Structures are given as structure tokens and as C-alpha cells.
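Since the structure comes first, as C-alpha cells, the remarks are kept for the end.
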Amino acid sequence: MREKYLLHCPGCGRPFPDRYTLDCPSGCDALLRTVYRERRLILQDLPGIFRYASWLPVEGRLRIDAGPVSYTSIGLARELGLPDLTITFSGYWPERGGRMETCSFKELEAQPTVLRLREKGAGVLQISSAGNTGRAFCQASALTGAPVVVVVPASAADRLWTTVPSPNVCLVTVDGDYSDSIAFGREVCSLPGIVPEGGAKNVARRDGMGTVMLDGTLFAGRLPDAYFQAVGSGTGAIAAWEAAERLIADGRFGSRLPELHLSQNLPFVPMVRAWEAGRRTIVAEDMPDAEASIARVSADVLTNRHPPWGVRGGVRDALAASGGRVYAVTNGAARSAGRLFADTEEIGLDPAAAVAVASLIRAVEEGLIGPDEHILLNVTGGGYQRAAEDLDRYPVEPSLRVRAGEAFAGDLRDAVRGWLAEREVAVRA
Ligand SMILES: Cc1ncc(COP(=O)(O)O)c(C=O)c1O
């Protein structure tokens with residue numbers, strides 16, 4: 001093919017060019033995938049994520065040097081009796097080269113997403129988030145100037161900060177929960193010129209996250225036998241599976257898919273329950289007392305009620321294809337895993353990453369993995385303390401405050417249109 005990549009639908013098998021396309025034009029219930037012209041991974045001499053630009057759905061690059069950082073664990077590896085443990089760290093840890101200043105792997109999603117949208121000329125991004133994702137997109141906006149509309153529950157607004165000013169973020173706070181923010185965000189996208197970021201359907205987001213598997217594999221020279229990650233939507237896990245398939249097709253790194261070991265935080269563990277019950281869809285009984293359960297987890301970024309579970313090419317398929325496992329982790333186990341990690345590796349973790357470490361400890365205790373296996377631990381966030389010591393912090397101030405259930409009409413609509421007009425973004429109606 002002449003193009004750098006095409007999109008491919010695993011449902012109907014059709015290939016087609018990318019126009020910031022999120023869904024199969026034939027209406028298949030499947031996650032589109034990128035198919036790159038280069039079957040062999042060609043590394044670029046660029047910092048951060050753009051080292052892997054030949055397997056990202058973008059033509060250019062951003063001048064941002066944040067990317068995943070891989071190293072061989074000594075302290076944690078010794079503690080767990082795992083001599084072949086690679087840690088791939090996303091967060092702020094300058095001593096190791098970790099330069100994600102908002103401290104989570106969501107920056108891996110935000111960078112190629114912002115660039116893909118710019119290259120496709122598709123408009124202004126809208127993101128609904130309760131935390132790390134929103135912050136990562138605010139930072140990408142701050143560093144590139146890309147306008148973004150971020151909708152969050154009012155209670156999560158203090159999580160939105162950047163390390164340089166972000167004049168092109170329109171922050172909308174909704175006086176309600178995450179679902180209210182998602183609903184309002186959807187309405188904002190009715191304004192021509194504003195496009196939904198797309199979540200798991202967005203191939204830039206998945207291929208950006210897939211760089212963790214690329215980095216860990218390149219570092220070790222081979223695909224891992226087992227891969228550990230904490231999941232909320234599971235987008236990162238799908239991305240790891242897809243990246244591993246590309247690396248197998250490349251031919252230089254092994255021929256066996258890594259087993260995916262995916263963890264959630266009790267008491268909110270819908271994917272664990274659906275997997276154990278053998279269900280293709282997540283049902284209400286997988287989320288008993290959802291609201292109360294969500295309030296009790298220590299890693300609330302893992303509490304997604306609508307993960308891409310049963311969709312073709314989704315999390316369930318990734319687990320099945322890789323012979324994977326799921327773990328339900330208590331707050332107590334996550335906290336002590338976080339402490340062990342800080343003691344042995346000398347960096348603090350995001351509570352979600354501590355859940356993944358707890359699952360690794362459990363896998364060792366239960367003999368599910370052994371000392372002869374090569375393990376990749378995806379540390380999805382950390383270094384908040386280090387970042388607070390080194391970096392400036394700019395809170396993102398709300399442009400609009402909305403009540404739960406309030407319609408996107410009248411003054412609210414005019415306010416967003418006015419905000420876009422100030423940035424000379426054309427809105428037709
Ligand atoms: C630090 C961290 N780890 C893990 C996850 C889970 O990622 P995903 O929603 O892609 O499964 C998140 C989600 O926000 C996160 O912020």
C-alpha cells in the first residue's frame with residue numbers, strides 16, 4: 001500500500017483510509033485497527049513516544065519528549081524472586097528519564113490523538129474524564145496550543161492542572177457524577193466543529209498506549225511471557241495485545257502472545273466478574289451497588305462502567321487470545337504493594353499502578369508465574385511527589401459550570417461558541 005497506514009475493520013474485513021474515523025462505515029460492532037505499511041518496526045531517532053512514530057497513525061511529530069521508560073528491576077525483582085522483570089514506567093521520574101509531567105500513561109494517548117486530529121483537520125477535541133485522562137489532554141493542549149473542551153465532574157476539577165499554562169482548554173465542570181459529564185460532553189459534540197475524542201475506538205489512543213509494549217519489548221529484546229496492568233476501560237490492555245501482534249508479525253521478537261494479567265480494584269471489578277462468569281457482556285450483577293462500590297475503591301480511575309468488553313477486538317477478546325487472567329485487588333493489598341514498590345524501586349506510584357503491582361505479587365504467591373518467565377510490568381502512573389518538587393503547577397480554571405441534567409442550549413451553547421470564536425475556530429451553526 002502507498003499510505004503509511006489504513007484502518008481495518010475486524011468485523012467485515014474492509015480496509016479504508018483514515019478520516020479521524022472512529023467507527024466502521026458498514027456499522028460493524030468492532031474496534032477498528034490500524035494496519036501499517038511497515039511490518040518491521042523502524043525506530044525513529046526522536047525522543048519520547050515519537051521514537052515509535054512508524055507505528056503511530058500520524059504523519060508528523062510533536063516536540064514533546066515524554067514517552068515510556070523501561071528498565072530492569074533489581075529491588076522489586078529480588079523481593080519477588082523474579083530475575084527477569086522489566087518495568088515500563090510512565091510518569092515523572094527524571095533520574096530514569098521519565099518525563100510525563102502529569103504523571104500518568106494517559107499522556108501516551110493524548111499526544112498522538114491531538115496530532116492525528118490536527119492532521120485530519122477534524123476540529124476541536126472533546127474529552128470527558130474524571131482525572132488522569134483530562135489532565136493529560138490539558139497538558140497536550142498546553143504544549144501544542146490545540147484547543148480542547150474537557151468536561152469533568154465538579155468534584156474532580158482539582159485534578160486538572162498542567163505544568164505550563166493552558167490557555168486553550170475550555171474546562172466545563174458538571175455538578176454531577178462521571179456519567180453526567182459523559183452525557184453533557186456528548187451534547188457539546190452536537191456543535192459542529194467539536195468532535196468526540198473517541199475513547200477506546202480512537203486508534204491513536206490505542207497505538208499511543210501500545211508504545212509501552214513496544215518499549216518494554218525493544219528494551220528486553222523479546223516479547224514478555226506475561227504482561228501486568230491495572231484496567232479501567234481496558235484500552236491499554238487492548239493496545240498491548242495489538243502491539244504484541246504487530247511485534248510478532250515483525251518476526252524479530254518472538255512468536256507467542258504475552259499472557260495479559262489484568263487487575264481491577266475491589267469492590268468495583270466488573271470485568272473480573274464478567275470474565276469469571278464467562279459473559280460476553282457486562283451486566284448489572286457484575287456491578288452490584290455500583291455507586292457505593294465506586295466510592296470505596298482506592299484507584300477510582302479504574303471505575304469505568306462501560307468498558308469495551310464484548311465488542312469485537314475488545315478486552316474480552318484480548319484476554320481470550322492471550323490466555324490471560326484477571327485479578328480483583330483489595331485497597332489494603334494495593335496500598336501495601338505501593339509501599340513495597342516505593343521501598344524497592346524508590347518512586348511513588350499512582351494508586352492504579354499499585355493495583356497492578358499487587359496483582360503481580362499475587363501471581364507469584366499463587367505460582368501463576370515463575371522465575372524463569374520474562375515479565376513486563378506496566379507502571380501506568382507515578383512520580384507525583386517528584387513532580388511537585390520540581391515543576392510548576394497551574395490549576396485549570398473552569399470556563400463553564402453546569403448543573404447535572406442541564407441541556408446544552410441557550411447561554412451555555414453561546415458560551416462555547418464564543419470560546420471557539422475567540423480561538424478563531426470556525427463553527428458553522
Ligand atoms: C494511572 C492509570 N492506570 C491505569 C488506568 C486504566 O487505564 P484504562 O482505562 O485504559 O484501562 C488509568 C485510567 O485512567 C490510569 O489513570
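Counting convention: from 1, in listed order, for ligands and their atoms alike. A quick note: this is a predicted structure, and the numbers were derived from the prediction, not measured.
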**Item:** Phe219/Tyr71 aromatic ring centres below 6.0 Å
**Value:**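 No, the ring centres sit 6.0 Å or more apart.
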
Name each donor-acceptor pair under 3.5 Å that joins a side chain in residues 73-87 to protein atoms two or more places apart or in another chain, with its distance.
{"from": "Ser73", "atom 1": "OG", "to": "Ala77", "atom 2": "N", "distance (Å)": "3.0"}
{"from": "Ser73", "atom 1": "OG", "to": "Glu345", "atom 2": "OE2", "distance (Å)": "2.7"}
{"from": "Asp84", "atom 1": "OD1", "to": "His374", "atom 2": "ND1", "distance (Å)": "3.2"}

**Message:** Tell me which pairs pass side-chain hydrogen bond (donor to acceptor under 3.5 Å, both in side chains) where either residue lies in residues 320-333, with sequence neighbours left out.
**Reply:**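 Sorted result for residues 320-333: His261-Tyr327, Asn265-Asn331, Ser298-Asn331.
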
**Message:** My understanding is that only residues two or more places apart in sequence, or in another chain, count here; which of them pass salt bridge (charged side-chain N to carboxylate O under 4.0 Å, His left out) with Arg339?
**Reply:**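 If we apply the salt bridge (charged side-chain N to carboxylate O under 4.0 Å, His left out) test to Arg339, skipping adjacent residues, there are no hits.
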
**Message:** Students should find this: residues with any non-hydrogen atom under 4.0 Å from ligand 1. What is the answer?
**Reply:**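 Contacting ligand 1 under 4.0 Å are Phe105, Lys106, Asn132, Met209, Ala230, Val231, Gly232, Ser233, Gly234, Thr235, Gly236, Val301, Leu302, Asp350, Ala352, Thr380.
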
**Check ion pair Asp289-Arg296 (N to O, under 4.0 angstrom)** =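 Here Asp289 does not pair with Arg296 in a salt bridge, since their nearest N and O are not under 4.0 Å apart.
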
**Prompt:** Is it true that the side chains of Asn304 and Ser233 contain a donor and an acceptor less than 3.5 Å apart?
**Reply:**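 Checked: Asn304/Ser233 side chains show no N/O donor-acceptor pair below 3.5 Å.
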
